[in-house]
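Basis for what follows: all heavy atoms, side chains included, without hydrogens, waters or symmetry-related copies. The sequence lines fix the lettering, A, B, ..., with proteins before strands; numbering per chain opens at 1.
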Protein chains: 2
Amino acid sequence: MSYETREIADRLREAREAKQLSQRELSRLAGVPQAQISRIESNSVDLRLSSLVALASALDLEIALVPRKAVPAVKSITRQTTDRTVIQPPAIGKEMQQLQKAIRALQIEAPTLPELDELRKAAASLQRLQIDTRYLSHLRSLRHTIERARSTEQWRGIFEAANSMRALRNQIAHFEPASEQRNANRPAYSLDEEDDDA
Amino acid sequence: MSYETREIADRLREAREAKQLSQRELSRLAGVPQAQISRIESNSVDLRLSSLVALASALDLEIALVPRKAVPAVKSITRQTTDRTVIQPPAIGKEMQQLQKAIRALQIEAPTLPELDELRKAAASLQRLQIDTRYLSHLRSLRHTIERARSTEQWRGIFEAANSMRALRNQIAHFEPASEQRNANRPAYSLDEEDDDA
DNA sequence: AACTTTGATGTTTTTTACGATATCACAGAA
DNA sequence: TTCTGTGATATCGTAAAAAACATCAAAGTT
């Protein structure tokens, strides 16, 4: 496809990756088949507006028709508002991903669990800090706690996990105060979900 | 079609009308059949991205994927940048439309005429002022001059018309200085060209 | 090594936009 | 009135996207 559509395709992929979603997950959220998403992102189809809207809105984006003159200003605003994600060391990034995955799995299994929200918030809040690799084992055991709780259906474990996670967050925030509020101007949301679909 | 696409369709129509283009003219510019434009504006098709891009770019618009959070800011910018046109008294509006039509006709007949650009600029500049109905006859005779020049191919008439138009503009700007740059709250539409395609 | 996830690609069938063309009613202007 | 431009529709054939599968190789995890 043409060059103007390329940018749109790229923006979609970036947005998806920024939200740490796989094509399949996005597919579920947007109701667009994964195969189609792959083709769209590689700019090999002339997609219909309905598909674009579905994907965009699943990614918290909106389609705007902007006067050419306003494009630079809009880009600047967009950049400002765009996820400024804390970049974690690779090992930490991976582990956080696993952790999110565990939480998602839990959510599927026990969607009504009230502690679940706590857990998600704590994870989101943790995600916003720069985490040193020395906390890797903490994260891992945190995840194990969650997984164990899930498999045994001992929901108390979730409660404990949420507590430990908050404690960890506070500890990191305390020892590494510089990294907190690194994004002073904008709240931004790095990887938190804020609102998952149910 | 759905509700989110409605807005896009509306934006397209607004942009077209703000540029004083008929569906057929836009059709020519964008290479999209008039019938299709009608369907699109009435939101009765799920148009392909390529069509959207074609129309948008003919209308000097660009498609942007904006984070939800940034939407208000972007709207504000867009509004700011959007041609805010003066709302003329009906009679003046009609006459200005006729005048634009005459210029367009001329453009088709003698596209290479160098005075034509002058003429267009003068008309655009005039358009930006609030024109009192007492200038109606001026406008009308201005138009007649242009039409006569066109039919007789006496291109000198164009030159004169451009001059008179500039003079008229200055006179109005002088007697009605308050109305200049009176960008009311409503962008509305009305008439403005700002920059045409070449 | 066995297993899972991810993104890409292929196939088939169904749906739909698109382009071309032709009207049509309506509104203005001559 | 007559003529012209406008926007909305209708029909038809073609092309293409979309949906629903199924794989598959690569990379990662356990």
Side-chain angles (χ1 to χ4, degrees), chain A residues 1-2 5 9-10 12-14 16-17 19-55 90-91 93-102 104-105 108 136 139-140 143-144 147-148 151, chain B residues 1-2 5 8-10 12-14 16-17 19-28 30-55 90-91 93-102 104-105 108 136 139-140 143-144 147-148 151:
Chain A
M1 282 300 309
S2 74
T5 59
D10 288 346
L12 284 175
R13 167 162 277 162
E14 284 164 21
R16 177 177 64 79
E17 287 176 347
K19 277 200 177 327
Q20 303 253 58
L21 293 172
S22 70
Q23 291 184 344
R24 275 173 238 268
E25 287 172 310
L26 177 58
S27 164
R28 189 176 52 75
L29 288 174
V32 175
Q34 177 268 327
Q36 187 65 8
I37 294 178
S38 169
R39 289 184 250 255
I40 289 170
E41 288 186 350
S42 66
N43 200 31
S44 58
V45 286
D46 185 2
L47 81 168
R48 303 215 183 134
L49 187 53
S50 61
S51 302
L52 180 57
V53 168
L55 290 176
K94 298 269 172 66
E95 187 49 41
M96 286 302 289
Q97 219 162 328
Q98 297 292 317
L99 210 155
Q100 296 281 10
K101 192 152 103 181
R104 275 200 296 265
I108 291 169
L136 190 59
L139 292 179
R140 210 182 296 265
R143 187 181 99 225
H144 290 325
E147 284 167 345
R148 206 174 320 114
S151 63
Chain B
M1 281 301 307
S2 74
T5 59
I8 292 173
D10 289 345
L12 286 176
R13 165 162 276 160
E14 285 164 23
R16 177 178 63 80
E17 289 176 346
K19 279 201 176 326
Q20 298 264 99
L21 294 172
S22 70
Q23 291 184 344
R24 278 177 237 269
E25 287 172 312
L26 177 57
S27 164
R28 190 179 52 75
V32 174
Q34 177 268 329
Q36 186 66 6
I37 294 178
S38 170
R39 286 185 282 228
I40 289 170
E41 288 187 351
S42 66
N43 200 31
S44 58
V45 286
D46 185 2
L47 80 169
R48 302 216 184 129
L49 188 53
S50 60
S51 302
L52 181 56
V53 167
L55 290 176
K94 299 269 172 65
E95 187 49 42
M96 285 303 288
Q97 219 161 327
Q98 297 293 315
L99 210 155
Q100 295 281 10
K101 191 151 104 180
R104 273 201 299 264
I108 289 169
L136 190 58
L139 292 180
R140 210 183 297 266
R143 187 182 100 225
H144 290 325
E147 284 166 347
R148 206 175 320 114
S151 63

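Within the helix from C:dA1-D:dT30 to C:dA30-D:dT1, the inter-axis angle between the opening and closing five-pair segments is 40°, rounded to 10°.
Taking A:Lys94 as the reference, nothing meets the side-chain contact (heavy atoms from CB on, under 4.5 Å) condition, with sequence neighbours excluded. The side-chain contact (heavy atoms from CB on, under 4.5 Å) check on B:Arg140 picks up B:Glu95, B:Leu136, B:Arg143, B:His144, with sequence neighbours excluded. A:Ser22 pairs by the side-chain hydrogen bond (donor to acceptor under 3.5 Å, both in side chains) definition with A:Glu25, not counting sequence neighbours. A:Ser27 is linked by a side-chain hydrogen bond (donor to acceptor under 3.5 Å, both in side chains) to nothing, counting only residues two or more places apart in sequence or in another chain. Listed by chain and number, the residues in a side-chain hydrogen bond (donor to acceptor under 3.5 Å, both in side chains) with B:Ser151 amount to none (sequence neighbours excluded). Residues forming a side-chain contact (heavy atoms from CB on, under 4.5 Å) with B:Ser44 (at least two apart in sequence, or on another chain): B:Arg39, B:Ser42. Remark: A:Arg13 engages A:Arg16, A:Glu17, A:Gln23, A:Glu41 in a side-chain contact (heavy atoms from CB on, under 4.5 Å) (not counting sequence neighbours).
Heavy-atom distances under 4.0 Å link DNA chain C to B:Val45, B:Asp46, B:Leu47, B:Arg48 of residues 41-50 of chain B, given in residue order.
Nucleotides of DNA chain D lying under 4.0 Å from heavy atoms of chain A occupy a range whose first and last members, 5' to 3', are D:dA17 to D:dT30.
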Side chains of residues 45-54 of chain B: which donor-acceptor partners sit under 3.5 Å, not counting sequence neighbours?
residue	atom	partner	partner atom	Å
B:Asp46	OD1	A:Leu49	N	3.3
B:Asp46	OD1	A:Ser50	N	2.9
B:Asp46	OD1	A:Ser50	OG	3.4
B:Asp46	OD2	A:Ser50	OG	2.5
B:Ser50	OG	A:Asp46	OD1	3.4
B:Ser50	OG	A:Asp46	OD2	2.5

(request) Treat primed atoms plus P, OP1 and OP2 as sugar-phosphate and everything else as base, then score nucleotides 20-30 of chain C 5' to 3': B for base contact with protein heavy atoms under 4.0 Å, S for sugar-phosphate contact only, - for none. (result) BB-------SS

